[in-house]
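Labels below follow one simple rule: chain letters A, B, ... track the order of the sequence lines, proteins then strands, and each chain is numbered from 1. Keep in mind it's a predicted model, so treat the numbers as computed, not measured. Note that these values count all heavy atoms, side chains included, but never hydrogens, waters or copies made by symmetry.
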Amino acid sequence: MFHLFERRIQSAFQEFLKHQYDIELPVAMEQPKQASFGELATPVAFQLARQWKRAPQQIAQEIVQRLGPVEGVAALEVAGNGYINIRLDRGVYGRALLEGQSAPPAPKPGKIIVEHTNINPNKAAHIGHLRNAVLGDTFVRLLRETGCQVEVQNYIDNTGVQVADVVAGFYFLEKKTPAEVEQLTRTTRFDYLCWDLYARISQHFREHPESLEWRKTTLHAIEEGHGELAQIGHLVADAIVNCHLNTMGRIGIRYDLLPRESEILQLKFWAQAFELLKQRQAIYLETEGKNKGCWVMPSAAFQQEAEEEDGKVIVRSNGTVTYVGKDIAYQLWKFGLLGKDFYYRVWKTYEDGHRVWVSTASAAENVSEDQRPSFGRAWQVYNVIDSRQSYLQDVVVAGLRQLGYAEQAERSIHFSYEMVALSPRTLAELGVELSEEDRRRPYVEVSGRKGLGVKADDLIDKLVETAQQEVDSRHPSEPAEQRRHIAEQIAVGALRYFLLKFTRNTVIAFDFQEALSFEGDTGPYVQYAAVRARKILEKLQERGEPMPDFEKLLSREALARQLAREDFWQLLLAASKAGLAVERSVATGEPAHVARYAFTLAQAFNSFYHDYPVLTEQDPEKRTLLLWATQYFHRQLEWTLSVLGIATPPYM
RNA sequence: GGGGGCGUAGCUCAGAUGGAUAGAGCAUUUGCCUUCUAAGCAAAGGGUCGCAGGUUCGAAUCCUGCCGCCCCUACCA
């Protein structure tokens with residue numbers, strides 16, 4: 001609602017300037033830092049001062065005097081130095097909020113693919129993976145909320161080195177048969193077992209470099225697709241994918257499609273892309289130097305001011321393709337530019353009937369397109385990948401550009417974020433011995449190869465446990481099952497908020513104490529504010545009182561009277577900016593903005609809650625206003641939280 | 001060496017298009033539970049926005065140089 005008023009006022013200023021002075025100027029609008037200055041402000045007089053060579057203050061005076069009435073504006077004031085402060089008509093604004101049905105945003109044409117999570121299916125997910133998935137999932141929610149059609153993909157690298165290493169661990173180190181591994185996949189926490197095995201085999205490789213032959217053999221067998229090693233590869237990857245889906249499911253994250261590397265290989269996606277790249281001479285066969293015998297993309301393609309550097313190897317001298325090469329093929333497919341498609345079958349159906357699909361190489365398994373969603377052929381693609389891989393993402397985009405797909409290259413967006421590291425205190429809690437060098441650092445990087453990290457499920461368990469204690473102590477008489485459910489909602493709120501409150505390019509030094517806190521700038525704080533509002537509305541119902549007919553009782557005059565009180569007005573105003581926060585967040589690609597907004601709004605309500613007992617208010621008009629403000633706030637905050645993937649519990 | 005990011009209160013972080021007295025949370029200190037839930041509210045202290053120049057009515061924000069930290073710069077992903 002706020003941005004409607006903002007736009008209207010802005011265009012009033014612009015038309016005034018056009019008619020009176022024949023000036024076309026994009027008038028800047030700001031939200032003043034101090035509420036006492038009004039709801040909007042414009043430095044337009046400063047913009048004009050240079051051209052007109054007159055004092056800004058004088059110009060501002062002139063504009064204010066001549067502008068005339070603008071709908072929804074109560075007053076224009078010139079601030080000392082030349083600002084024009086704008087005060088909204090609170091009665092008009094209040095009525096607009098009261099009457100305004102927030103129609104769902106118009107659907108936007110063109111599908112957007114968001115690829116996120118992308119965890120190697122060889123071990124349990126850790127805290128860094130959670131940041132990726134929560135950022136990606138929240139951005140998906142933000143996009144959908146603004147009318148975008150979004151397809152969520154979680155790419156499964158089931159044939160890579162990481163899977164191969166765990167397979168080698170089972171086969172060569174542990175001497176397990178496929179049948180035995182199959183048994184293990186049925187045990188709980190198979191992903192934890194692989195976590196440890198991965199650390200062990202990595203250490204074995206470090207200590208016995210000659211055994212790296214195992215990796216080579218395994219990789220080859222997996223690529224070929226038959227034999228016991230390949231069998232174990234499938235068992236491990238499929239089982240771990242299910243573990244990851246369960247972990248992510250716990251925090252409300254789902255997918256539409258799991259494209260797998262095995263199909264990219266089997267269906268010869270790469271061969272097709274390779275031909276295209278060769279035809280358009282985007283890559284060349286190196287004939288000398290250290291890259292002799294490799295197909296290479298010249299660095300000039302993806303680096304500005306590239307010096308005489310070696311390019312990026314796309315095909316190794318032994319004929320195998322690198323990950324980047326496969327990624328180019330995958331990216332082409334996402335835009336429908338490859339001229340090939342996967343076959344598809346259902347991987348899993350969620351409780352509410354939503355299906356996750358998976359790529360398959362088998363035409364026999366394929367579900368025809370009229371029986372399933374249509375995949376790929378996107379207008380725009382977001383790849384949620386950590387910033388360490390920006391170089392490789394540049395290569396992928398350069399590949400598209402070299403093939404003549406400049407527009408698609410432009411619409412390939414690396415949604416990057418910084419890593420999650422571990423704080424020294426948390427490392428100590430994990431019982432990790434630090435080297436002298438690490439001790440001096442503010443944080444230490446997670447390492448799967450060393451088995452160093454905080455597992456996602458462990459963290460979630462810990463959060464649930466902590467929340468459970470709080471809920472149990474406050475509501476001992478409520479049903480145990482419900483208390484458990486609420487503890488889970490709080491845990492999810494705490495976790496998602498914690499990962500979202502940092503902007504994307506901030507390295508998070510993960511700290512248990514901080515993440516497990518439910519006070520201050522946290523998810524539970526925000527949830528608590530919403531719960532308090534809900535409780536007031538429920539109490540009203542318990543007393544047998546109907547919800548007042550706000551539209552009838554709160555006339556423009558009544559609203560103007562009541563909203564003259566600054567506290568009421570500020571709460572309502574803040575609550576009305578939820579849509580604005582979401583729009584801004586999408587525009588800047590920064591989910592943290594919505595998290596910040598939710599916290600600020602919660603703060604405003606908590607203060608209001610403390611100062612104005614709603615149900616005991618004696619003045620009827622004031623009480624109606626208090627109730628309406630409570631209801632409106634609750635609706636807006638609950639919606640904002642839902643966009644962040646955070647539920648509002650019935651009680652806390 | 002090259003590319004990218006960062007440097008704001010004791011700590012962890014926000015500061016959209018340059019704009020008014022630079023903000024939160026934590027921690028510290030002090031008040032407030034017989035009230036719609038104290039996972040809360042109110043208040044206090046705490047800052048050369050890394051340093052030095054420049055651009056202009058105005059710079060934490062833009063430009064240049066320097067200092068410090070991190071990441072990338074593989075025939076790993």
Assign [X] to base, sugar-phosphate, or nothing according to its heavy-atom contacts below 4.0 angstrom with the strands shown.
{"X": "A/D157", "value": "sugar-phosphate"}
{"X": "A/F502", "value": "sugar-phosphate"}
{"X": "A/E538", "value": "nothing"}
{"X": "A/L540", "value": "nothing"}
{"X": "A/Y651", "value": "base"}
{"X": "A/V471", "value": "base"}
{"X": "A/V531", "value": "base"}
{"X": "A/K326", "value": "nothing"}
{"X": "A/F510", "value": "nothing"}
{"X": "A/Q34", "value": "base"}
{"X": "A/F599", "value": "sugar-phosphate"}
{"X": "A/E470", "value": "base"}
{"X": "A/A529", "value": "nothing"}
{"X": "A/S387", "value": "nothing"}

Can you check the distance between [N] and [M], where both ends of the measurement are the [atom1] atom (answer in whole Å)?
{"N": "B/G5", "M": "B/U64", "atom1": "P", "answer": "12 Å"}
{"N": "B/C70", "M": "B/U12", "atom1": "P", "answer": "15 Å"}
{"N": "B/A59", "M": "B/G50", "atom1": "P", "answer": "15 Å"}
{"N": "B/A9", "M": "B/G15", "atom1": "C1'", "answer": "14 Å"}
{"N": "B/C32", "M": "B/C71", "atom1": "C1'", "answer": "48 Å"}
{"N": "B/A14", "M": "B/A52", "atom1": "C1'", "answer": "27 Å"}
{"N": "B/C6", "M": "B/U61", "atom1": "C1'", "answer": "15 Å"}
{"N": "B/A39", "M": "B/C33", "atom1": "P", "answer": "15 Å"}

Task: For B/C70, glycosidic torsion class - syn if within 90° of 0, otherwise anti - done: anti
Presence of [X] side-chain N/O under 4.0 Å of [N] phosphate oxygens OP1/OP2:
{"X": "A/R534", "N": "B/U37", "value": "no"}
{"X": "A/Q469", "N": "B/A39", "value": "no"}
{"X": "A/T506", "N": "B/A14", "value": "yes"}
{"X": "A/Y323", "N": "B/A77", "value": "no"}
{"X": "A/H593", "N": "B/G15", "value": "yes"}
{"X": "A/K535", "N": "B/C36", "value": "no"}

Starting the side chain at C-beta, find the nucleotide from [options] nearest to [X].
{"X": "A/D521", "options": "B/G40, B/G25, B/C70", "value": "B/G25"}
{"X": "A/P613", "options": "B/C36, B/A77, B/A20", "value": "B/C36"}
{"X": "A/R596", "options": "B/A74, B/A39, B/A24", "value": "B/A24"}
{"X": "A/S607", "options": "B/G15, B/A39, B/A42", "value": "B/A42"}
{"X": "A/C294", "options": "B/C75, B/A77, B/A39", "value": "B/C75"}
{"X": "A/H610", "options": "B/C41, B/A38, B/C72", "value": "B/C41"}
{"X": "A/E519", "options": "B/A14, B/G40, B/C36", "value": "B/G40"}
{"X": "A/E445", "options": "B/C36, B/C75, B/C71", "value": "B/C71"}
{"X": "A/Y609", "options": "B/U12, B/C36, B/A39", "value": "B/C36"}

Open item on the list: Is the ring pair A/F139/A/F415 parallel, tilted or perpendicular, if the boundaries are 30 and 60 degrees?
Closed with: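 Ring orientation, 0 to 90° scale: tilted.
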Between the main-chain N or O of [Y] and the side-chain N or O of [X], is there a donor-acceptor pair closer than 3.5 Å?
{"X": "A/Q153", "Y": "A/Y155", "value": "no"}
{"X": "A/R596", "Y": "A/K501", "value": "no"}
{"X": "A/R131", "Y": "A/E418", "value": "yes"}

Any strand is fair game: report the nucleotide pairing with [N] by Watson-Crick or G-U wobble, both distances under 3.5 Å, or none.
{"N": "B/G45", "value": "none"}
{"N": "B/U55", "value": "none"}
{"N": "B/G7", "value": "B/C67"}

Under 3.5 Å donor-acceptor pair, [X] side-chain atoms to [N] base atoms:
{"X": "A/N606", "N": "B/A39", "value": "no"}
{"X": "A/S317", "N": "B/C75", "value": "yes"}
{"X": "A/R474", "N": "B/A39", "value": "yes"}

Task: Residue whose closest nucleotide on RNA chain B lies nearer the 5' end, A/E6 versus A/Y525 - done: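 Checking each residue's closest nucleotide, the 5'-ward one belongs to A/E6.
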Open item on the list: Taking the nucleotide of RNA chain B with the nearest heavy atom to each, does A/F608 or A/N505 sit closer to the 5' end?
Closed with: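 Nearer the 5' end of the strand: A/N505.
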We want to know whether [X] and [Y] form a side-chain donor-acceptor pair, criterion being a heavy-atom distance below 3.5 angstrom.
{"X": "A/E261", "Y": "A/Y330", "result": "no"}
{"X": "A/Y284", "Y": "A/E286", "result": "yes"}
{"X": "A/Y198", "Y": "A/D165", "result": "no"}
{"X": "A/Q393", "Y": "A/Q389", "result": "no"}
{"X": "A/H593", "Y": "A/T588", "result": "yes"}

Task: Rounded interatomic separation in angstrom, taking CD from A/E478 and C1' from B/U37 - done: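 Answer to the nearest Å: 12 Å.
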TODO: Sort out for me which residue in A/R483, A/Q482, A/M652 forms a side-chain contact (heavy atoms from CB on, under 4.5 Å) with A/V471.
DONE: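 Going through A/R483, A/Q482, A/M652 one by one, the side-chain contact (heavy atoms from CB on, under 4.5 Å) with A/V471 is satisfied by A/R483 alone.
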